[in-house]
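What follows is a single structure, written as structure tokens, with notes after it.
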Amino acid sequence: MASENEAAVAAVPSDSPTIFDKIINKEIPSKVVYEDDKVLAFRDIDPQAPTHILIIPKVKDGLTGLSKAEERHCEILGRLLYTAKLVAKQEGLEDGFRIVINDGPNGVFHIHVHLLGGRQMNWPPG
């Protein structure tokens, strides 16, 4: 996750394409597990669990992070969570899974959801 965090810290909110925009546009390869007209889900390149999938919206409508969400973003946010449920089922995560949404300048450069599963997730971590 270090490379993702480094990219998030280095990113300045703007309209320039993010790495996820390039993945959506197929400019950067990814292992897609689910795609429809609104979202794209693919395997994380640095998994933190046996199943670690990122789910991103294809159209952000100005939404860069959860703390920046406005009422008009409810559909995008709901779609991300519903897709997490669909992908969890597709991946066989019947015993449970964790959803993580990072936020803030140290945590996000393009709104996305982490779907983690395949092992016991202890809380609190550590």
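Counting only distance, with no hydrogens or angles, the side chain of His73 and the backbone of Ala69 share no donor-acceptor pair below 3.5 Å. Not one N or O on the side chain of Glu35 forms a donor-acceptor pair closer than 3.5 Å with the backbone of Ala41. Judged by distance alone, with hydrogens and angles left aside, the side-chain atoms of Asp44 form no donor-acceptor pair with the main-chain N or O of Leu54 at under 3.5 Å.
Counting all heavy atoms, side chain and backbone alike, Pro50 lies closest to Gly118 at CG-O, 3.6 Å. Here the closest heavy-atom approach between residue Leu115 and residue Ala88 is recorded as CD2-N, 3.7 Å. Of all non-hydrogen atoms in Ala49 and Gly117, the two that sit nearest each other are CB-O, 3.7 Å. Closest heavy-atom contact between His52 and Pro47: ND1-CA, 3.5 Å.
In this structure, the separation between CD on Gln90 and OG1 on Thr51 is 11.0 Å, given to the nearest 0.5 Å. For the atom pair CG of Leu93 and CZ of Arg119, the computed distance is 12.0 Å after rounding to the nearest 0.5 Å. How far CG of Leu80 is from CD1 of Ile56: 9.5 Å, rounded to the nearest 0.5 Å. Between the NE2 atom of His110 and the CG atom of Leu63 there is a distance of 8.5 Å, given to the nearest 0.5 Å. Rounding to the nearest 0.5 angstrom, the gap separating the CD1 atom in Ile24 from the NZ atom in Lys60 is 7.5 Å. Here the CD1-CG distance, from Ile101 to Leu77, works out to 7.0 Å after rounding to the nearest 0.5 Å.
Using a 4.0 Å cut-off between a side-chain N of Lys or Arg and a carboxylate O of Asp or Glu, Arg72 and Asp61 qualify as a salt bridge.
Following chains of ILVMFWY side-chain contacts shorter than 4.5 Å, one can reach Val33 starting from Leu81, so the two form part of one hydrophobic cluster. Under a hydrophobic clustering in which Ile, Leu, Val, Met, Phe, Trp and Tyr are joined whenever their side-chain heavy atoms come within less than 4.5 Å, directly or via other members, Tyr82 and Leu66 fall into the same cluster. Under a hydrophobic clustering in which Ile, Leu, Val, Met, Phe, Trp and Tyr are joined whenever their side-chain heavy atoms come within less than 4.5 Å, directly or via other members, Ile76 and Leu86 fall into the same cluster.
Of the residues listed (Asn102, Ile53, Ile55), the one engaging His114 in a side chain to side chain contact (heavy atoms under 4.5 Å, CB included) is Asn102, and it is the only one.
Surrounding NZ of Lys68 are at most 12 heavy atoms belonging to other residues, nucleotides or ligands under 6.0 Å away. Other residues, nucleotides and ligands contribute only 12 or fewer heavy atoms inside 6.0 Å of the CG atom of Asp95.
Contact check for Val32 versus Leu40: side-chain heavy atoms found under the 4.5 Å cut-off.
Residues passing the side chain to side chain contact (heavy atoms under 4.5 Å, CB included) test with Lys31 are Arg43, sequence neighbours excluded.
Within the structure, every pair that satisfies the salt bridge (Lys or Arg N to Asp or Glu O under 4.0 Å) test and touches residues 78-89, not counting sequence neighbours, is listed here: Asp36-Arg79. A ring pair (Phe, Tyr, Trp, His ring centres under 6.0 Å) check over residues 24-48, counting only residues at least two apart or in different chains, returns the pairs Phe20-Phe42.
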